[in-house]
Number of protein chains: 2
Amino acid sequence: MPAARDVSGAARPKRVTLRDVAARAGVSLSTASLVFSGRGPVAASTADRVRAAAEQLSYAGPDPLASSLRQGRAGTVAVVVEGRLGDAFADPFARSVMDGLAGELDAIPAGMLLLARVPGDDARLLGQLAVAACDGVVFPLSGPRTDPAVDLIVGRGIPIVGAGSPVDPRVPQIRVDERGASAAMTRHLTTLGHRNIGHVTMPLTPGAMTSVATAADVADAVYGDARGRALGVLDVAPAARVVQAASLEIAAGMTAARLLLDTAPDARPTAVVAQSDLLAAGVIRAAGELGIRVPEDLSVTGFDGLDLPWLDYDLTTVVQDGRAKGRALGELIARAMAGQSVSSQAFPTQLRVGTTTAVARP
Amino acid sequence: MPAARDVSGAARPKRVTLRDVAARAGVSLSTASLVFSGRGPVAASTADRVRAAAEQLSYAGPDPLASSLRQGRAGTVAVVVEGRLGDAFADPFARSVMDGLAGELDAIPAGMLLLARVPGDDARLLGQLAVAACDGVVFPLSGPRTDPAVDLIVGRGIPIVGAGSPVDPRVPQIRVDERGASAAMTRHLTTLGHRNIGHVTMPLTPGAMTSVATAADVADAVYGDARGRALGVLDVAPAARVVQAASLEIAAGMTAARLLLDTAPDARPTAVVAQSDLLAAGVIRAAGELGIRVPEDLSVTGFDGLDLPWLDYDLTTVVQDGRAKGRALGELIARAMAGQSVSSQAFPTQLRVGTTTAVARP
DNA sequence: CACACTAGTCGAAACGATTCGACTCGAAAC
DNA sequence: GTTTCGAGTCGAATCGTTTCGACTAGTGTG
């Protein structure tokens with residue numbers, strides 16, 4: 001057979017395979033395989049000969065694809081993040097979850113295939129999942145409550161785990177009691193005497209714009225954690241005015257906050273529950289620009305428990321350990337991939353009172 | 001053959017393959033393959049029969065591993081980030097590069113296999129690269145100037161591209177003139193009359209601690225872009241005092257800045273060149289805490305051109321379009337994977353003067 | 001009516017490894 | 001002296017596709 005030629009016309013030498021190495025070392029293909037996998041008993045002298053042959057032929061080790069096919073495992077876990085990559089990782093909490101998850105995947109060991117659900121192009125994610133070589137799929141971040149990808153992945157016989165979404169009996173979860181934690185936070189504020197409470201939600205639906213949200217909007221929310229947290233607020237403060245932020249960024253929190261705060265002082269909420277720390281930072285910033293003092297005139301709360309050194313406050317927030325959450329997800333998918341049956345687990349949060357909440361002014 | 005049984009003892013039905021589908025549809029294996037790949041002429045009626053059979057057997061499409069093996073392409077590109085995942089994405093500029101890169105990989109199309117160079121565990125990355133199924137490797141972020149991984153990857157016959165690192169004739173680059181841009185920035189300051197200039201570098205070596213760096217430290221730096229930027233400063237201001245930050249975070253910039261600023265006012269630099277916008281933000285913050293006014297008492301410059309809405313200044317900085325850089329990297333690896341010969345390209349930057357630099361006080 | 005051509009289909013040969021069972025051979029056990 | 005055993009090695013089957021070349025039947029051309 002002549003050497004293969006690629007489009008550019010350059011001669012491409014035939015690839016060296018384990019067969020070539022075995023031939024050169026004067027052993028059988030199977031023995032050579034045993035040397036590289038270290039799985040069987042091989043005489044030291046034989047092993048050396050094989051390795052020497054590999055060296056001479058500059059054989060770089062067994063082809064991952066062939067190896068994977070034979071072994072029936074891709075050695076890879078698909079991880080789906082919500083939104084474009086640059087946005088998905090803008091949230092420090094998301095980063096800490098991913099960090100913990102990455103550590104566990106390393107330990108399996110498994111590679112991490114990163115897939116993004118680009119807003120407005122759901123088909124792309126489905127297509128990628130259909131052809132992706134992976135042994136498991138993780139949804140580590142808040143995503144849509146229902147997801148057609150689940151059918152597809154289950155159809156391929158691959159285990160899935162999530163962090164609250166997609167909601168499906170076939171998807172074991174590391175589950176945070178968003179609603180309960182959010183209700184507890186709101187109760188903290190009512191206990192301080194706040195009666196007029198505003199709420200800034202994360203986006204309730206993909207492509208959300210900054211807007212006032214009705215109870216129906218909340219109930220119909222696509223994103224499960226935003227929905228849960230909003231419901232928690234409404235459980236305790238049914239009259240709360242709810243504003244949806246357009247993204248998780250500080251600027252979005254500012255914009256949303258203005259909808260609540262830029263009004264007559266006596267109609268203005270005395271407390272704002274934000275669904276994330278970054279949104280809370282935006283609220284505080286917007287308050288500052290409007291001359292509203294925190295916490296004297298306005299109490300502000302967040303969610304996640306981030307370390308925000310540049311914030312001049314110690315934010316009252318709901319602390320969850322993102323890295324631990326990521327690790328828990330990693331352990332869950334590892335067990336599922338090992339064929340063990342796994343079930344959803346509760347993940348703890350803790351209310352931490354800082355300097356951004358105070359008793360309501362009389 | 002009896003149904004395979006896994007460790008847990010649960011019966012696992014034999015996997016349905018294209019062969020089963022073909023048999024059920026009453027066509028040959030090759031024809032069935034043609035239906036799914038859409039590569040050959042197939043009668044519409046035949047195609048329908050095959051698809052119907054697939055539906056009935058709940059066949060989810062060709063196995064990616066087998067398909068990849070046969071086609072000789074993994075459909076995946078490995079992307080190496082520096083440091084733990086949570087840290088690597090803490091830098092907004094890194095995120096924008098990754099975002100642009102992800103977009104181009106989608107277009108190839110290719111999956112993105114994310115690998116992290118965890119500090120202190122170089123072996124892990126090597127091991128992962130040795131067994132990872134991928135058609136190309138991208139080093140989109142600043143990494144060590146030399147990297148043993150290059151030999152490994154080249155040995156496997158896989159193309160590599162980078163953004164300035166690793167420095168190796170076999171690695172085409174999207175290259176920024178770090179040194180020139182940094183020198184231009186420093187010249188901006190000397191033109192404003194600054195004579196005593198401080199410099200805050202990104203980590204020069206893995207595991208760096210906050211510390212004063214000598215010219216030799218700079219010359220020996222492991223990380224290429226930190227080295228280039230520092231050399232640029234020293235080109236114009238050879239007497240500049242150089243302090244190395246321990247990370248890319250704001251807090252690290254603050255710590256480093258104190259080493260320069262917490263001193264007698266007449267010995268203190270009148271300008272600080274920081275190697276990134278986030279470090280610059282830390283410098284500004286540290287100055288504020290020390291009662292040093294920016295820009296009246298101290299000019300501060302950054303690098304990258306991030307959008308920092310929470311910073312009360314318009315930072316003087318070197319703007320580079322991270323997303324475009326990521327796209328350029330994606331195009332480069334795409335061409336290399338297509339067998340075309342590719343070569344390094346220059347990537348433009350632009351000096352943008354903001355409100356953090358002013359003429360030196362007399 | 002012979003001819004070339006195309007659309008449609010198929011069988012068989014890869015792709016590059018892993019793994020199972022069988023075989024050989026010398027050493028230890030009885 | 002036979003039997004047993006384990007270490008070491010090997011041949012062959014297998015993983016699930018894609019693709020190449022060959023084949024058939026029908027269609028249009030001369």
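Per chain, numbering begins at 1; letters A, B, ... match sequence-line order. Every value quoted in this text rests on a predicted model; they were computed, and no experiment measured them.
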Counting heavy atoms from C-beta on, name the nucleotide in C:dG16, D:dT17, C:dT18 closest to the side chain of A:Ala66.
-> C:dG16
Does the base of D:dG11 carry an N or O that pairs as donor and acceptor with the side chain of A:Ser30 under 3.5 Å?
-> yes
Which nucleotide in the set D:dT17, D:dT18, C:dC10 lies at the smallest distance from any side-chain heavy atom of B:Val27?
-> C:dC10
Measure from the side chain of A:Ala43, starting at C-beta and using heavy atoms only, and say which of D:dT17, D:dT9, C:dT18 lies closest.
-> D:dT9
For D:dA13, which nucleotide is its Watson-Crick or G-U wobble mate, given both distances must be under 3.5 Å?
-> C:dT18
In whole angstrom, what separates B:Arg15's CZ from D:dC15's P?
-> 10 Å
Taking CD from B:Gln71 and P from C:dG16, how many angstroms apart are they, rounded to a whole number?
-> 13 Å
Using a cut-off of 4.0 Å on non-hydrogen atoms, how would the nucleic acid contact of B:Ser67 be classed: base, sugar-phosphate, or nothing?
-> sugar-phosphate
A:Arg73 atom CZ is separated from C:dT18 atom P, nearest whole Å, by 11 Å
Kindly give the heavy-atom pair with the smallest separation between B:Val35 and B:Ala47, and that separation in Å.
-> CG2-CA, 3.9 Å
B:Gln56-B:Arg24 side chain donor-acceptor pair, cut-off 3.5 Å | yes
Evaluation steps, salt bridge (charged side-chain N to carboxylate O under 4.0 Å, His left out), between B:Asp87 and A:Arg95 | CA-CA 8 Å; B:Asp87 302 332; A:Arg95 291 205 295 273; over 6 Å; no
Please report, rounded to the nearest Å, how far the C1' atom of D:dT17 is from the CG atom of B:Leu65.
-> 11 Å
Any B:Tyr59 side-chain nitrogen or oxygen under 4.0 Å from OP1 or OP2 of D:dG16 | no
For the side chain of B:Pro41, counting heavy atoms from C-beta on, which of C:dG16, C:dG8, D:dT18 is nearest?
-> C:dG8
Figure out the CG/P separation between A:Leu34 and C:dG16, and round it to whole Å.
-> 20 Å
Looking only at N and O atoms, is any donor in the side chain of A:Arg19 or the base of C:dA17 less than 3.5 Å from an acceptor on the other one?
-> no
Does a nitrogen or oxygen in the side chain of A:Thr31 sit under 4.0 Å from OP1 or OP2 of D:dG8?
-> no
Which part of the nucleic acid, if any, lies within contact of B:Thr46, taking any heavy atom under 4.0 Å across all strands shown: a base, the sugar-phosphate backbone alone, or nothing?
-> sugar-phosphate
Is any NZ, NE, NH1 or NH2 atom of the basic residue among B:Arg117 and B:Asp147 found under 4.0 Å from an Asp or Glu carboxylate oxygen of the other?
-> yes
A:Arg39 CZ - C:dT19 C1' separation (whole Å) | 9 Å
Could you give the CG-to-C1' distance, from B:Leu29 to D:dT19, as a whole number of Å?
-> 11 Å
Indicate whether the side chain of A:Ser28 and that of A:Thr31 have a donor and an acceptor atom separated by less than 3.5 Å.
-> yes
In whole Å, what is the span from the CZ atom of B:Arg70 to the P atom of C:dA17?
-> 15 Å
First of A:Ser28 and B:Thr17 reached from the 5' end of DNA chain D, by closest nucleotide = A:Ser28
